[in-house]
Amino acid sequence: MDLELEQLPQKTREKQAENKKFFAKLKKRPPKDLDYTMQELHHAEFERTDCLTCANCCKTTGPLFTNTDIERIAKHFRIKPSELIDRYLRIDEENDYVLQSVPCTFLGADNYCSIYEVRPKACREFPHTDRKKFHQISNLTLKNVAICPAAFNIVEEMKKRVKM
C-alpha cells in the first residue's frame with residue numbers, strides 16, 4: 001500500500017486531463033444505469049481494499065462536520081457540542097465546521113478511528129463512489145482520486161465499463 005500511495009499523485013496527474021474530459025461527458029449524458037454500475041464497482045473494489053492499510057483520507061484531509069455530526073460526537077464524549085467545537089473544530093472559508101488540523105485527531109497510529117461508530121457522515125460515505133446521482137459529484141470525485149487509491153481504481157474501471 002505504501003508504494004501505491006507514493007505513486008498515486010503521479011498517476012493522478014497523468015490521468016487528470018483524461019478524467020476531466022470523461023467526467024464532462026458523463027455530466028452531460030449520464031447513462032441510465034450509472035448508479036448501479038458505480039455501486040457494483042465500489043463494492044468490488046472494497047472487497048479487495050482494506051482502508052486500515054492506508055487511511056490516507058484521514059491523514060491528509062479533514063471531513064466536513066454537520067450539526068448532526070457534532071451533536072452525535074459530543075454525546076459520545078459526554079460533552080457539550082460547543083466544547084467539541086472549541087477542542088477539535090474550526091470554521092473554514094465556506095463557513096463549514098472542519099478539523100482544526102490534519103491528520104485527523106481521532107486517527108490512531110494503527111489507522112483505527114477512535115470515533116468510528118459515531119464518525120461524521122462525510123467519513124462514512126467517503127470516497128462517495130457509490131452515491132446516487134454519481135454524475136453530479138464529478139468535481140469531488142476528481143479530488144478524491146488523488147487521495148484514495150480505491151477511488152482511483154474505481155474511476156479507472158468505470159472508464160472501461162461506461163462507454164461515452
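Predicted model only: the values in this text are computed from it and were never measured. We count residues from 1, following the sequence as given.
Taking the six-membered ring where the residue is Trp, H128 and F126 present perpendicular rings, their angle passing 60° and hence far from 30°.
Side-chain contact check for L5 versus C54: some heavy-atom pair is nearer than 4.5 Å. Counting heavy atoms from C-beta outward, I70 and T66 have side chains that stay 4.5 Å or more apart. Residues N19 and K159 have side chains in contact (heavy-atom distance under 4.5 Å, counting atoms from C-beta outward). The shortest distance between side-chain heavy atoms of P127 and H42 falls below 4.5 Å. Taking the side chain as every heavy atom from C-beta outward, Y97 and L64 never approach each other to under 4.5 Å. Side-chain contact between C58 and Y112: absent, with no pair of heavy atoms (C-beta onward) separated by less than 4.5 Å. Here the side chains of V98 and P63 are not in contact, with every heavy-atom distance at 4.5 Å or above. A heavy-atom distance below 4.5 Å is found between the side chains of F65 and I73.
With N56 contributing its side chain and I147 its backbone, the two residues share a donor-acceptor pair below 3.5 Å. Of the possible donor and acceptor atoms, one in the side chain of R124 sits under 3.5 Å from a partner among the backbone N and O of R119. Checked by atom type and distance alone, the side chain of N144 never pairs as donor or acceptor with a backbone atom of A151 at under 3.5 Å. Without hydrogens or angle criteria, N111 side chain to L52 main chain gives a donor-acceptor distance under 3.5 Å. Judged by distance alone, with hydrogens and angles left aside, the side-chain atoms of K59 form no donor-acceptor pair with the main-chain N or O of L107 at under 3.5 Å. Judged by distance alone, with hydrogens and angles left aside, the side-chain atoms of D92 form a donor-acceptor pair with the main-chain N or O of N95 at under 3.5 Å.
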With side-chain contact (heavy atoms from CB on, under 4.5 Å) as the test, would you mind laying out the steps for K121 and T68 before giving the verdict? CA-CA 9 Å; K121 181 181 182 206; T68 305; over 6 Å; no

Quick one, K11 with E4, criterion salt bridge (charged side-chain N to carboxylate O under 4.0 Å, His left out). Give me CA distance, side-chain angles, the key distance, then yes/no. CA-CA 10 Å; K11 287 166 64 178; E4 194 173 358; 5.1 Å; no

List the steps and the verdict of side-chain contact (heavy atoms from CB on, under 4.5 Å) for L26 and V162. CA-CA 9 Å; L26 190 69; V162 177; 4.2 Å; yes

Would E40 and Y36 count as a side-chain contact (heavy atoms from CB on, under 4.5 Å) if you check the C-alpha gap in whole Å, the side-chain angles of each, and the deciding distance to 0.1 Å? CA-CA 6 Å; E40 202 176 90; Y36 174 78; 3.2 Å; yes

Yes or no on side-chain contact (heavy atoms from CB on, under 4.5 Å) for K20 and L142, after CA distance, side-chain angles and deciding distance? CA-CA 8 Å; K20 277 187 170 182; L142 287 170; 3.9 Å; yes

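Ionic pairing of E156 and K160 is not present here: no N-O contact between side-chain nitrogen and carboxylate oxygen is shorter than 4.0 angstrom.
Remark: the N153 side chain and the E45 side chain contain an N/O donor-acceptor pair separated by less than 3.5 Å. Side-chain atoms of R13 and Q16 form no donor-acceptor pair, as typed in the model, at a separation below 3.5 Å.
For the atom pair T141 OG1 and H135 NE2, the distance stands at 11.5 Å (nearest 0.5 Å). One distance of note links SG of C51 with CZ of F46; it measures 4.5 Å at 0.5 Å rounding. Rounding to the nearest 0.5 Å places CZ of F134 at 6.5 Å from CG of L34. We find the NZ-CD distance between K15 and Q10 to be 12.0 Å, quoted to the nearest 0.5 Å. Atom CD of Q39 sits about 10.0 Å away from atom OG1 of T129, to the nearest 0.5 Å. Q100 contributes atom CD, which lies 7.0 Å from atom CG of L89 (distance to the nearest 0.5 angstrom).
Sorted by first and then second residue, the pairs that involve residues 70-87 and meet side-chain hydrogen bond (donor to acceptor under 3.5 Å, both in side chains), not counting sequence neighbours, are D69-R72, E83-R87.
L140 and V102 fall into different hydrophobic clusters, defined by Ile, Leu, Val, Met, Phe, Trp and Tyr side-chain heavy atoms under 4.5 Å apart, directly or through other members.
Around atom CG of D110, more than 12 heavy atoms belonging to other residues, nucleotides or ligands sit under 6.0 Å away.
Ring to ring, F106 and Y88 are close: their centroids are under 6.0 angstrom apart.
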